[in-house]
Amino acid sequence: MARRKQIYEGKAKILFEGPEPGTIIQYFKDDATAFNNQKHAVLEGKGVLNNRISEYIMMGLERIGVTTHFIRRLNMREQLVRHVEIVPIEVVMRNIAAGSISKRLGLEDGAVLPRSIIEFYYKDDKLGDPLVSEEHITAFNWANPQEIDDMMAISLRINDFLSGLFAGVGIKLVDFKVEFGRQYEGDMMRLIVADEISPDSCRLWDMESGDIMDKDRFRKDLGDVTDAYREVARRLGVLRESENPGQSGPVLVSDNGD
Ligand code: UDP
């Protein structure tokens, strides 16, 4: 890692310059933060699991024609992704009431929403990522109306894909957050899915027991956070039996010989 230039360090990931122009290496840390950084912990093995889960989901999206920044996984903690200009909006898609929408609108956690609801949040840690409307987004030029339409259409496709994927392994997709990036090719620009999709950015409930299998375990101090993420990975079939991230002992840093 010493040879590489660090571009950015976020709460759960570090970005390094990639090997070719237009690429970036996304390194998944074990750090977990919540409540706008007021709560922090290191959860051993989380980064390895999120790298794998996000790889699996991004590859699945590519297969249904949703373009993402993902190129390939490099090793246990890193993936090669396309360099994009991040749209400063977090798109949240909700199927079931939980978290901030329950508080804001006085809904019962677990209530099925009348239909899937899309929300936009302005990405600004200092402001605590405030909820914004399309009016704010266009007025302040964070994205144009066409981009908003594209983000909504793509998010609906992601919702259908993920809902089915998780339902198939006995997990309810309550909500998720997705980020988009602008990719420039000559004078063409397209929006592609960026960042990560993992139990850090989704709410996932076991269909039978209702058990929480996502970052709410950390937010609510429920414990066994990485165990829950590992169970998500195991059900999706992305963990080989021999791999057991988060257990004591040496951690394999690279599994493809580089
Ligand atoms: N979320 C996220 N990053 C954020 C805020 C939310 O990944 O900065 C995800 C969160 O994990 C949940 C969904 O977006 O799956 C909706 O989150 P909510 O607005 O309910 O906020 P929270 O209760 O997480 O503060």
Side-chain angles (χ1 to χ4, degrees), residues 8-13 26 28-41 43 46-47 49-51 53-54 57-58 61 68-69 86-113 115-133 136-137 142 151-152 154-156 158-159 161-163 165-167 171-181 193-206 210-222 225-226 228-229 232:
Y8 173 80
E9 176 154 12
K11 286 173 274 188
K13 293 188 292 291
Q26 187 166 252
F28 288 74
K29 300 194 285 184
D30 282 341
D31 298 66
T33 62
F35 311 120
N36 202 20
N37 250 334
Q38 290 172 44
K39 184 170 177 174
H40 174 259
L43 306 171
K46 178 177 81 83
L49 291 160
N50 280 354
N51 185 21
I53 295 170
S54 196
I57 290 173
M58 295 289 183
L61 288 174
T68 79
H69 72 160
I86 291 284
V87 178
I89 297 295
E90 297 191 343
V91 180
V92 168
M93 174 71 71
R94 302 179 183 275
N95 301 307
I96 294 170
S100 67
I101 197 174
S102 302
K103 266 200 224 122
R104 195 181 327 115
L105 303 181
L107 303 174
E108 190 88 38
D109 265 4
V112 176
L113 297 170
R115 59 178 168 81
S116 300
I117 295 176
I118 299 181
E119 295 175 340
F120 302 108
Y121 293 84
Y122 178 50
K123 264 171 73 74
D124 187 323
D125 279 344
K126 286 195 297 295
L127 301 174
D129 296 348
L131 178 70
V132 292
S133 72
H136 299 108
I137 297 172
W142 296 324
M151 290 193 292
M152 291 175 76
I154 298 169
S155 299
L156 283 164
I158 298 173
N159 191 38
F161 172 76
L162 286 185
S163 295
L165 178 74
F166 284 119
I171 295 174
K172 240 194 270 190
L173 178 67
V174 174
D175 59 32
F176 65 91
K177 183 264 303 183
V178 67
E179 294 187 26
F180 292 89
V193 177
D195 194 49
E196 72 181 288
I197 301 179
S198 73
D200 268 6
S201 58
C202 301
R203 282 198 170 91
L204 304 169
W205 294 354
D206 182 82
D211 281 354
I212 292 172
M213 306 176 77
D214 58 69
K215 200 166 120 178
D216 271 351
R217 294 202 75 83
F218 170 67
R219 295 188 188 97
K220 299 180 176 196
D221 288 321
L222 298 175
V225 185
T226 37
Y229 284 35
V232 172

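When a ligand or atom number is given, it counts from 1 through the structure's own listing order.
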Item to check | D200: numbered ligand 1 atoms lying under 4.0 Å from its heavy atoms | outcome: 7 (O), 11 (O)
Next on the checklist: Evaluate L173 against L204 for side chain to side chain contact (heavy atoms under 4.5 Å, CB included), listing each step before the verdict.
Outcome noted: CA-CA 5 Å; L173 178 67; L204 304 169; 3.8 Å; yes
Checklist entry - So is V174 close enough to ligand 1, meaning a heavy atom under 4.0 angstrom away? => result no
Checklist entry - Between K11 and D31, is a side chain to side chain contact (heavy atoms under 4.5 Å, CB included) present by the stated rule, with each step listed? => result CA-CA 7 Å; K11 286 173 274 188; D31 298 66; over 6 Å; no
Next on the checklist: Rounded to the nearest 0.5 Å, what separates atom CG in D200 from atom OG1 in T33?
Outcome noted: 8.0 Å
Item to check | R94 near ligand 1 by a heavy-atom separation under 4.0 Å | outcome: yes
Next on the checklist: At less than 4.0 angstrom from any non-hydrogen atom of D129, what atoms of ligand 1 do you find?
Outcome noted: 8 (O)
Checklist entry - Would you say atom 17 (O) of ligand 1 has a protein heavy atom nearer than 4.0 Å? => result yes
Checklist entry - Quick one: which ligand 1 atoms are inside 4.0 Å of a heavy atom on V92? => result 14 (O), 16 (C)
Checklist entry - At a 4.0 Å threshold, what atoms of ligand 1 neighbour a non-hydrogen atom of G99? => result 20 (O), 23 (O)
Item to check | Mode of A34 contact toward ligand 1 - side chain, backbone, both, neither (heavy atoms, under 4.0 Å) | outcome: neither
Checklist entry - Counting from 1, what ligand 1 atoms have a heavy atom of Y121 closer than 4.0 Å? => result 19 (O)
Item to check | Closest to atom 11 (O) of ligand 1 among R219, K215, E196, R203 (heavy-atom distance) | outcome: R219
Checklist entry - Of all the heavy atoms in F35, does at least one lie under 4.0 Å from an atom in ligand 1? => result no
Next on the checklist: So, regarding E90 and ligand 1 (criterion: nitrogen or oxygen to nitrogen or oxygen, under 3.5 Å), is there a contact or not?
Outcome noted: yes
Item to check | Nearest-neighbour protein heavy atom for atom 2 (C) of ligand 1, which is reported as residue plus atom name and distance | outcome: K177 CE, 3.5 Å
Checklist entry - Quick one: does H69's side chain get under 4.5 Å of I86's, heavy atoms only? => result no
Next on the checklist: Among all the protein's heavy atoms, is there at least one whose distance to atom 6 (C) of ligand 1 comes out below 4.0 Å?
Outcome noted: no
Next on the checklist: Assess whether a salt bridge exists between D175 and R203, defined as any Lys/Arg side-chain N lying under 4.0 Å from an Asp/Glu carboxylate O.
Outcome noted: yes
Next on the checklist: Less than 6.0 angstrom from the centroid, inside 45 degrees of the normal: does K46 satisfy that with respect to the ring of Y229?
Outcome noted: no
Checklist entry - Do I154 and L61 come within less than 4.5 Å of each other through their side chains, counting heavy atoms only? => result no
Checklist entry - Nearest protein heavy atom to atom 15 (O) of ligand 1, by residue and atom, and its distance? => result D175 OD1, 2.5 Å
Checklist entry - Hey, are the side chains of L156 and I118 touching, using non-hydrogen atoms and a 4.5 Å cut-off? => result yes
Checklist entry - Who's the nearest protein heavy-atom neighbour of atom 21 (O) of ligand 1, and how far? => result S100 OG, 3.7 Å
Next on the checklist: Here's a test for you: under side chain to side chain donor-acceptor pair (under 3.5 Å), which of S100, S102, S116 qualifies with R94?
Outcome noted: S100
Next on the checklist: Less than 4.5 Å apart, side chain to side chain, heavy atoms only: is that true for D195 and K13?
Outcome noted: yes
